[in-house]
Trainee: 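The following block contains the structure, expressed as structure tokens.
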Amino acid sequence: MSEERKKVTLRTLFAKKEQGVPITMLTCYDYPTAYFMEQAGIDILLVGDSLGMTILGYDSTLPVTMDIMVPHAQAVRRGSPSALLIGDMPYMTYQPSIETAIRNAGRFMAEAGCDAIKLEGGVEIADRVEAIAKVGIPVMGHLGLTPQSVSALGGFRVQGRGAEQAKKIVDDAKALEDAGAFSILLEMVPARVCKLITERAGVPIISLGSGPDADGQLLIFHDMFGLYPKFTPRMARVYGDAGKVILDGIAQYAEDVTTRDFPQRENWFTMKDDAFEELKRLLG
Ligand code: KIV
């Protein structure tokens, strides 16, 4: 736990890559969780469009919009002033045109105080990455399993197991770096491919289910604590069953109310006799 944290910057991340010190990254969608992540000294907080699934209960990330994302990013910024805060560009907020991409990236910076944005895709969106980076907004790339293309990728599955597909991911990583991405996230790519990209890259590579040899690791917060009821992916490590704690607590509360065990004396407030007598008099 750190009391006075130094602000995490791109320079911090590059220094960690250089020194071989792993970068820590988590998804975060709200103020209290951001507060805890700040206390724990997490380097990067990603306000992921995964909130469409983890928070809003959709089956995919596709229904998420900028108007949904911005208030979450604002809340996370309030909870964590020091972490490097990344806003995740939702579906169709950067694909249609370069101008759309710059405007929406700018919203994360201006309205939510983000430090960077993330978008999905390789060589086909390299012009967006270049344009956003050129206006001074740091961009993280995202390759491998890219949830906004889940339909085209044939579901939530490992990407790049075959040599041709793996080569495309390696080439995409190079294209993103050349376009000015400050970092690249590899999601569900074979560990050997991730290692190869990390060794070749001049920018920090972050792994989500892509093995130990990246410059940093990312987990989805809800997977870590049993908070996503539909499934827990194999790539996650579970650090506690907060879902069970919450369910047990809610069930106990329902029983306590039903049996009149709640509330107890310490849960309510009193009024002096004379004030109450006066109230009765006023009411006639
Ligand atoms: O939205 C998100 O949280 C993400 C992660 C799955 C990398 O993009």
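The structure presented is a predicted model; accordingly, all values stated were derived computationally and were not measured. We number each residue from 1, following the sequence as shown. Counting starts at 1 for both ligands and their atoms, following the listed order. Any value given below was found using the heavy atoms of this structure, including those in side chains, with hydrogens, waters and symmetry copies removed.
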Trainee: Please assess Val158 against Val189 for the test side-chain contact (heavy atoms from CB on, under 4.5 Å), listing each intermediate value before the final yes or no.
Mentor: CA-CA 6 Å; Val158 181; Val189 164; over 6 Å; no

Trainee: Can Asp59 and Lys230 be counted as an ion pair, charged N to O under 4.0 angstrom?
Mentor: yes

Trainee: As a test of understanding, state which of Asp213, Ile169, Leu186 forms a side-chain contact (heavy atoms from CB on, under 4.5 Å) with Cys194.
Mentor: Leu186

Trainee: Is the shortest distance from a Lys or Arg side-chain nitrogen in Glu99 or Arg103 to a carboxylate oxygen in the other one below 4.0 Å?
Mentor: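 Judged by the 4.0 Å cut-off on N to carboxylate O distance, Glu99 and Arg103 do form a salt bridge.
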
Trainee: Exactly which residues line ligand 1, taking a heavy atom under 4.0 Å from it as the test?
Mentor: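 Contacts of ligand 1 under 4.0 Å: Thr27, Leu46, Gly48, Asp49, Ser50, Asp88, Lys118, His142, Leu185, Glu187, Leu208, Leu218, Ile220.
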
Trainee: Could you state whether Tyr91 and Val139 fall into the same hydrophobic cluster, counting links through intermediate Ile, Leu, Val, Met, Phe, Trp or Tyr residues with side-chain heavy atoms under 4.5 angstrom apart?
Mentor: no

Trainee: How far apart are the C-alpha atoms of Lys134 and Glu130, what are their side-chain angles, what is the distance that settles it, and do they pass the salt bridge (charged side-chain N to carboxylate O under 4.0 Å, His left out) test?
Mentor: CA-CA 6 Å; Lys134 271 199 176 139; Glu130 185 173 0; 3.1 Å; yes

